[in-house]
Each structure stands twice: as C-alpha cells, then as structure tokens.
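Take a look at the structure set out below.
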2 protein chains.
Amino acid sequence: MKGRRRGADLEEALLDAAWLELTERGYAGLTMEAVATRAGTSRPVLARRWDGKADLAIAAIRRQIAKHPLEVPDRGDLRTELLELLEHASNRVRGIAAVFTLFFSEYFHETSSTPQSLRTALLAGNPQPLAAILERGVKRGEIAPEKLVPPVSTLLSDLFRHHAIMTFAPPPPELRVAWVDSIFLPLVRAD
Amino acid sequence: MKGRRRGADLEEALLDAAWLELTERGYAGLTMEAVATRAGTSRPVLARRWDGKADLAIAAIRRQIAKHPLEVPDRGDLRTELLELLEHASNRVRGIAAVFTLFFSEYFHETSSTPQSLRTALLAGNPQPLAAILERGVKRGEIAPEKLVPPVSTLLSDLFRHHAIMTFAPPPPELRVAWVDSIFLPLVRAD
DNA sequence: TCAATAAGATGCAAGAATGTATCTTGACGA
DNA sequence: TCGTCAAGATACATTCTTGCATCTTATTGA
C-alpha cells in the first residue's frame, strides 16, 4: 500500500484525475463523484477544496497549462519554428476540445464572460510561444512589422484553434504546411 | 382565446420556443419543461414528437436555417459581396454561439461525431452563400482559381466562425474589412 | 509518544429533469 | 352533428448529482 496522500500530493492527484475525466467525458459529463472515484478517494475531499464543477475544471486546466508549457526554441528560421509550433500543438487537440466543452457550458450563461476572456485569464503569466516566434521573425527581417496587424498576428493560432474545435482532431501535416506557406507567410513576408 | 393549436402549427410554435430557449439558456440549460411552458403547453406534447433534448435542439436549428437563408445577390464586385455577407452573418452570432453550446455538449461524446460533421449535415441541401460569391469572383476574373485551395476558400467563414465562438459577439466592421482587405483578397487576387 | 488535523467512508435529504401513464377537453372531418 | 384523435393538465416513479453531517483512521509534528 502506498499510504494516505496529503496536501499538495493529494491535490495534484485530484487535479490530474479531473483533467482525465474532462478530456474523456467532457465538462457536461464531469461529476465530482467520478473524479473522486478515479483519484481513489471520496467526494467530501473534493468539496473541501473546490466550490463545484466549474471551479475544479478551471483549476485542472490551469495545472495542465503550467505542467506542459509549449515552447519553441530559436531555430534560426521562421517557417521552421512555425511548423514546429503547430506540430507540438497538434498533440494537444484533445485537451483543447475538452477545454471548450467548459467554454460552451452553462458556465458562461452564469458568469456572462466569453471564451476569449477566460482563455486570456488562463494564459495570463504563461509564455506566449507564437508571439515569441513572430518577434524573432521580425528581428531577423523575415517579417515586415507593418504587416503584422491584429487579425494577421493571431491568424495561425486562430486557424489552428478553429480546426481543433470543429473536428476534435489534429490538423494533418499538409494542412499545417498550407496554413504557413499558402496563407500566413505570403501575408507577412518582407519583400 | 386563440384556441388550441394542432399539427404543423403547433410544431412550429414548439420549435420556435425551443430556439429561443436555446439562444437564451444554451443547450446545457435547455429543458423540455421550459420549452413546453414557453410554448404554452406541457411536456407530453414534446415527448410525442421528439426523442429528447438533442433531437429537439437539432430540429429547432434546422428550422432556423430553413427559415432565414443567408443569401447575397450579385453586386458585380467581389469585395462588396464579401463584406455584405459578413455583415449579414454578424446578425446571427448569438444563434451561432447557441448552436455551439450543442456542439460541445455531451451529445458528441455519445455519438462520437464532430461539430464539422453535424454542421455539414445541418447545412446539406441549403444554399452555400460564400461558395456562390467566390464562384462569381472567379467568373469575373477577380479571383485566380488556382489560389482558391481548400484552406483559403473557407478562410473567411472559418475566421468569422472562430470569432463568433470566442467572443459571442459580432465582429466589428473594421475587423470584417481587415479580414477581407488584409487577409483574404491579397491571397486570391488575380494579378 | 501523543494530540491535532485532515483523509477517507458512508448515509441521507434535497433538487432537478425526465419518461410515462391517465384523464379531460377541444378541434376537425365524415 | 357526432365520433375520433390529439392537445393539454396532472401526477408519480426514477435517475442522477450534489451538499452536508457524521464517524473512523492514518499521518504529521511538537
């Protein structure tokens, strides 16, 4: 027997269990009961820490973000880095879809916030991989800064997110290449 | 008194009530009880027609699509037509957001389909306004057909949908113009 | 070693929503 | 006009989840 877990140990185990439930069942199918069972404990333990489903789910998402930061080192080439970012992000699609099951739950009808604002809140304080890559691209002279206007600068992540939302599946490599070569780079390339 | 409704009359009233509930409460907050009350009737009347929440919600969405088709006539100019389409679509954002509350409900964990496939199924048989506009653009020589590859041809509707999903609000006119002038047209323009 | 604290088990009542059965009443068609 | 069928009202059992209270037990730190 591994004994009884306490404090941070237990909390992490609970959040991981919640994350798994969230990805497998979605927010609508998430129950305190199932999380407790999965973590090998019981509901009162959860109730002592979080206020309800929403609170628990948000905490679980926060932990995932902190646990698996998405970073792309300097590769010396904008295109390479963009494709690498998209490839890494593709492994997260199931998680992204799960997060949106929260975004589109009754939670928003109660708080009257938007997925956008919750996303911003969740990502606050975390590194912004795409922004870092674009910045390097500008420094290298690969990107014309004046072409990097708001709807363009978020274009790739928006397209990726949209694809994840609509298909629940990672974008195939050809599609990722098309986003970069046929859409994004032609729009920002310094020429 | 307006008397007792029957058949198609009643069915339409029920579907309209369901649509209103869906837009106001979201799919998670949709109850047969509330729909029945709103339509001035009782649950058994609903139960005789639809199998459950999902069935009812899909029928209600179908009716809305059929009731308010989105069409843009030939204006002789690609840019004008695109902006007109985006403007009209902007009035539908609340409805689109409501539809996604269904897309991200437990419904998909049960049917294991995707928002994409349900969207396709819902739109089947209905006019595709963007496709029609692009076709005219090609005919007029405003668009280079070889540039209209898959991720580009759906770019505008994807961006619009993504914005609707993330903000629950219509895109401001400047943003719509930026999508068209700074992103889409430069990518497809025949030059 | 021992007391304090929190983990973990269990039970119960409450609330929400659904499915279904039954019954009355109104509307339409032969 | 009258019979049929569906609309509409009502009630009941069921299911699912939660919140709360209680009790036991393991772990930690003084």
Side-chain angles (χ1 to χ4, degrees), chain A residues 1-22 24-60 98 101-102 104-111, chain B residues 1-22 24-60 98 101-102 104-111:
Chain A
M1 300 308 266
K2 58 178 173 170
R4 181 177 284 189
R5 299 156 297 185
R6 295 197 142 227
D9 254 18
L10 177 59
E11 184 148 331
E12 286 169 19
L14 291 170
L15 288 178
D16 286 344
W19 175 254
L20 287 176
E21 281 293 316
L22 188 62
E24 288 178 15
R25 308 268 176 177
Y27 181 74
L30 184 72
T31 68
M32 305 297 253
E33 180 73 49
V35 173
T37 303
R38 178 161 219 151
T41 180
S42 57
R43 283 189 291 119
V45 179
L46 291 186
R48 285 171 193 136
R49 290 162 198 272
W50 299 282
D51 226 16
K53 270 176 74 164
D55 201 26
L56 172 60
I58 289 176
T101 63
L102 163 64
F104 279 90
S105 68
E106 73 283 359
Y107 176 72
F108 284 100
H109 285 82
E110 288 160 5
T111 65
Chain B
M1 302 303 269
K2 58 177 176 172
R4 181 177 285 188
R5 297 157 300 184
R6 296 197 139 227
D9 254 17
L10 177 60
E11 184 149 331
E12 285 169 19
L14 291 170
L15 288 177
D16 287 343
W19 176 254
L20 287 176
E21 281 293 318
L22 188 61
E24 288 178 16
R25 309 269 177 173
Y27 181 75
L30 184 72
T31 68
M32 305 296 256
E33 181 73 49
V35 173
T37 302
R38 177 160 218 152
T41 180
S42 57
R43 283 190 290 117
V45 179
L46 290 186
R48 286 170 192 136
R49 290 161 198 273
W50 298 282
D51 226 15
K53 271 176 73 165
D55 201 27
L56 172 60
I58 289 175
T101 62
L102 162 64
F104 280 90
S105 68
E106 74 282 0
Y107 175 72
F108 285 100
H109 285 83
E110 289 160 4
T111 65

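All values reported here derive from a predicted model rather than from experimental measurement.
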message = How long is the straight-line distance from NZ of B:K53 back to CG of B:L22, given to the nearest 0.5 Å?
response = 9.5 Å
Gap separating the CG atom of B:L14 from the CG atom of B:D9, nearest 0.5 angstrom =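 The distance works out to 10.5 Å.
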message = What I'd like to find out is whether the side chain of A:R25 reaches to under 4.5 Å of the side chain of A:L30, using heavy atoms alone.
response = no
inquiry  = Do B:L56 and B:L15 make a side-chain contact, defined as non-hydrogen atoms from C-beta onward lying under 4.5 Å apart?
reply    =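 A side-chain contact exists here, since the closest heavy-atom pair is under 4.5 Å.
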With sequence neighbours excluded, tell me which residues meet side-chain contact (heavy atoms from CB on, under 4.5 Å) with [X].
X	value
B:S105	B:Y27, B:L102, B:Y107
A:A17	A:V35, A:R38, A:A39
B:A13	B:R5

message = At a heavy-atom distance below 4.0 Å, what parts of residues 30-42 of chain A sit against DNA chain D?
response = A:T31, A:M32, A:E33
query = Using a heavy-atom distance cut-off of less than 4.0 Å, which residues of residues 48-55 of chain A contact DNA chain D?
reply =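 Contacts with DNA chain D under 4.0 Å: A:D51, A:K53.
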request  = Mind calculating the distance between CG (B:L46) and P (C:dT20) to the nearest angstrom?
outcome  = 14 Å
task = Check the distance between D:dT10's C1' and B:R43's CZ and give it to me in whole angstrom.
result = 10 Å
inquiry  = Between the opening five pairs and the closing five pairs of the helix from C:dT1-D:dA30 to C:dA30-D:dT1, how far apart are the helix axes, to 10°?
reply    = 20°
ask   = Residues two or more places apart in sequence or in another chain: which of them pass salt bridge (charged side-chain N to carboxylate O under 4.0 Å, His left out) with A:R49?
value =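 If we apply the salt bridge (charged side-chain N to carboxylate O under 4.0 Å, His left out) test to A:R49, skipping adjacent residues, the hits are A:E11.
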key: Contact list for residues 39-48 of chain B, test side chain to side chain donor-acceptor pair (under 3.5 Å), sequence neighbours left out   = B:E33-B:R43
key: Nearest atoms (heavy-atom pairs only) where A:E21 meets A:A34   = OE1-CB, 3.5 Å
request  = With a 4.0 Å heavy-atom cut-off, tell me which residues in residues 9-20 of chain A come close to DNA chain C, sorted by residue number.
outcome  =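 Close to the strand are A:L10.
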request  = Between B:G7 and B:P44, name the one whose nearest nucleotide on DNA chain D is closer to the 5' end.
outcome  =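 Its nearest nucleotide lies further toward 5', so the answer is B:G7.
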